[in-house]
Amino acid sequence: MRFGAASLYHEDMYDPAVPVGSLWEETAEPFEGGAPFEGPQSCDTAIIGGGYTGLSAAYHLAKDYGVDVCLLEAGPLGWGASGRNGGFCAPYPSSLGLETLLSRYGAEEARRFMKTQEEAIDLVRALAKDEAFDIEAQGEGVWHIAHDARRFAGLQKEADLLREAFGQKAEVAGREEVAERVYDSTEQFGGMWWGTGFGLHPMRFARGLGRAAARAGARLHGQSKVLSWAKREGWHELETAGGILRAKNVIVATNGFTRETFDRRFAGRVLPIISNIIATRPLTAAERAAQNWLTEDPCTNTRRLLFYYRLLPDGRFIFGGRGDMSGTAEDGARMKAFLTRRLGEVFPAWAEVPVTHFWRGLVCMTRDQTPAIGRLKDDPSVFYGLGYHGDGVAAAPWTGRFLARLLTGAASENDLPAPMRGPLSPFPLPGLRRWYLRGALVYYFMTDI
């Protein structure tokens, strides 16, 4: 099958030649490897996608099981969401409410799902420690802040569920306590602290994981877009500009950057959503004090069109949100202006602080609103892991490790909690997904008012 250019967004979103412009690229040590693929070559397992999922799968296959593995990435390693996110190593890669999770899957499977997220966060710390690379870890837990007084009751209920149904550390604090302990702003009406997760430098993590995978023996190739994929006599043949890679198994780890014409078996099964981030110059001590910013924990708010934000170790502030529907440069400029304005409205003392960076990437949603991990029924030599709903920094490396175990027979699909188990369900009338998204964004905007 030869792949075309069809996609939900403007081609700039998928073109590695278009600069990302992220702070993370600028402040992470360069990755020395990852040369473009030159073939023909063969391997036991080919991985398509060089983000956290693919790099983790490559690392664990090579290091833990001695598998001959070759990874192909269309851009530089970590070019996709793994190098563009806000650095929230946090739990819960789902857009389902906790009550819906419990009612749909039952208490036991819901608890198993939550347990994987604790394991996932521990895995990120362990990888960085064991392989001796710095991820600039910050904080202990994540703050969820009520953006108006009405939303605080919902956070109290969520904290009760986290403690009682899932055994999680969760506390609530009213407006005055949050102002004294965490920060204050025009959209701060109390919050909930979930004591699982931390902040990190996402590109340092991606490149550190890549170096570890290469040391373990994995062959990693950036700038190696897969142009076509066929199967002949039991071998998958992946064509790149540099030649053909033949493999007995394939892992698909493309997440939100999965193209519509990538493969018919993946068509219409993901909904990518554009997320945007700005970063300021380092804030002075006086500027931080003006908003009483005292925490290193990452923060989100209760708006449906989410704001997420954190103070970095060098004093810069990042502020992210969603809303762009096209991916064009013009809409990117509008999103940058919108986020800059809203940053000043939420944190008035910082309204005149210069913004130095703006970038955006794709969050991957699924029809079931949970991750999808497994193998194709019509070809069990094809594995996949994707759909982290904006919380893949921890979930994706865990998924990569699980896929390594699944491929080698060290685990089975029954070892996955039900919320994470495939198949990857198609959206109904997938050609209308952008209209679904447009309607949802209008609804979220109206209900955020």
Side-chain angles (χ1 to χ4, degrees), residues 53 88 90-121 142 144 151 153-170 192 194 196-197 255-256 258 266 268-273 300 302-306 322 363-377 383-396 398-399 402-403 406 411-430 432-433 436-437 439-441 443-444 447:
T53 304
F88 284 51
Y92 208 65
S94 171
S95 55
L96 294 176
L98 294 174
E99 288 184 319
T100 303
L101 182 77
L102 287 163
S103 63
R104 180 183 296 182
Y105 296 104
E108 181 178 354
E109 290 299 314
R111 283 195 292 267
R112 287 182 67 201
F113 174 57
M114 196 69 78
K115 183 67 175 176
T116 67
Q117 300 314 297
E118 296 177 41
E119 295 171 2
I121 290 164
V142 178
H144 301 275
R151 304 299 173 98
L155 290 177
Q156 291 177 308
K157 187 175 182 180
E158 186 175 354
D160 291 341
L161 268 175
L162 285 170
R163 288 192 301 264
E164 296 165 10
F166 297 102
Q168 296 285 300
K169 294 181 291 184
M192 180 193 78
W194 189 347
T196 303
N255 204 39
T258 305
F266 293 89
R269 284 166 166 77
V270 299
L271 176 59
I273 296 177
T300 68
T302 52
R303 288 187 176 276
R304 292 178 182 269
L305 289 177
L306 180 72
R322 297 171 189 163
V363 172
C364 187
M365 317 290 280
T366 67
R367 176 182 175 179
D368 296 328
Q369 298 177 267
T370 56
I373 304 169
R375 65 172 92 198
L376 295 180
K377 286 187 176 180
F383 300 77
Y384 57 86
L386 43 73
Y388 307 120
H389 299 84
D391 274 309
V393 176
W398 186 96
T399 297
F402 184 86
L403 289 172
L406 183 63
S412 74
E413 278 134 316
N414 290 333
D415 295 317
L416 279 170
M420 307 176 83
R421 202 179 303 149
L424 183 58
S425 303
F427 281 84
L429 300 174
L432 299 178
R433 278 169 296 162
Y436 302 156
L437 179 57
L441 291 177
Y443 171 75
Y444 291 161
T447 54

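Everything numeric here is computed off the predicted structure, so don't read it as measured data.
For the pair Val270 and Pro272, the tightest heavy-atom approach, listed with the atom from each and the gap, is O-CD, 3.7 Å. Considering every non-hydrogen atom in both Thr399 and Gly385, the closest pair reads CG2-CA, 3.8 Å. Taking both residues in full, the closest heavy atoms of Ser412 and Phe402 are given as O-CZ, 3.4 Å, listed atom of the first, atom of the second, then distance. Smallest separation of non-hydrogen atoms from Ala90 and Ala394: O-CB, 4.1 Å. Taking each heavy atom of Leu102 and Ala110 in turn, the nearest pair found is CD2-CB, 3.8 Å. The two residues Thr116 and Pro417 come nearest to each other via the heavy atoms CG2-CG, 3.5 Å.
No side-chain donor-acceptor contact under 3.5 Å links Arg367 to the backbone of Phe427. When atom types are taken as modelled, the side chain of His389 and the backbone of Tyr92 share no donor-acceptor pair closer than 3.5 angstrom. Checked by atom type and distance alone, the side chain of Ser94 pairs as donor or acceptor with a backbone atom of Gln369 at under 3.5 Å. Panel note: side chain Asp391, backbone Tyr388; no donor-acceptor pair is recorded below 3.5 Å.
Side-chain atoms of Thr53 and Tyr384, non-hydrogen and from C-beta on, never get closer than 4.5 Å to each other. Counting heavy atoms from C-beta on, the side chains of Pro93 and Gln117 come closer than 4.5 Å. Side-chain contact check for Leu101 versus Pro419: some heavy-atom pair is nearer than 4.5 Å. A 4.5 Å side-chain heavy-atom check between Arg269 and Leu386 finds every atom pair outside the cut-off. Residues Tyr105 and Phe113 have side chains not in contact (no heavy-atom distance under 4.5 Å, counting atoms from C-beta outward).
A distance of 11.0 Å separates CG in Leu424 from CD1 in Ile373, rounded to the nearest 0.5 Å. Here CZ of Arg104 is found 4.5 Å from CG of Leu96. Values are rounded to the nearest 0.5 Å. The line from OG1 of Thr370 to CZ of Arg421 is 11.0 Å long, rounded to the nearest 0.5 Å. Phe383 CZ to Leu406 CG: the interatomic distance, rounded to the nearest 0.5 Å, is 5.0 Å. Taken to the nearest 0.5 Å, the CD1 atom of Ile273 stands 4.0 Å off from the CE atom of Met365.
Salt bridge present: Arg112 and Glu109 bring a charged side-chain N and a carboxylate O closer than 4.0 Å.
Side-chain contact annotation: Thr196 with Gln168, donor-acceptor N/O pair under 3.5 Å present.
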> Could you go step by step and tell me if Leu155 and Trp194 meet the side-chain contact (heavy atoms from CB on, under 4.5 Å) rule?
Replying inline: CA-CA 10 Å; Leu155 290 177; Trp194 189 347; over 6 Å; no

>> Is there a side-chain contact (heavy atoms from CB on, under 4.5 Å) between Leu162 and Met192? Walk through the geometry before answering.
In response: CA-CA 11 Å; Leu162 285 170; Met192 180 193 78; 3.8 Å; yes

>> Between Thr302 and His144, does the side-chain contact (heavy atoms from CB on, under 4.5 Å) criterion hold? Intermediate values first, please.
In response: CA-CA 7 Å; Thr302 52; His144 301 275; 5.6 Å; no

> Does the pair Phe166 and Arg111 meet the rule for a side-chain contact (heavy atoms from CB on, under 4.5 Å), with working shown?
Replying inline: CA-CA 6 Å; Phe166 297 102; Arg111 283 195 292 267; 4.1 Å; yes

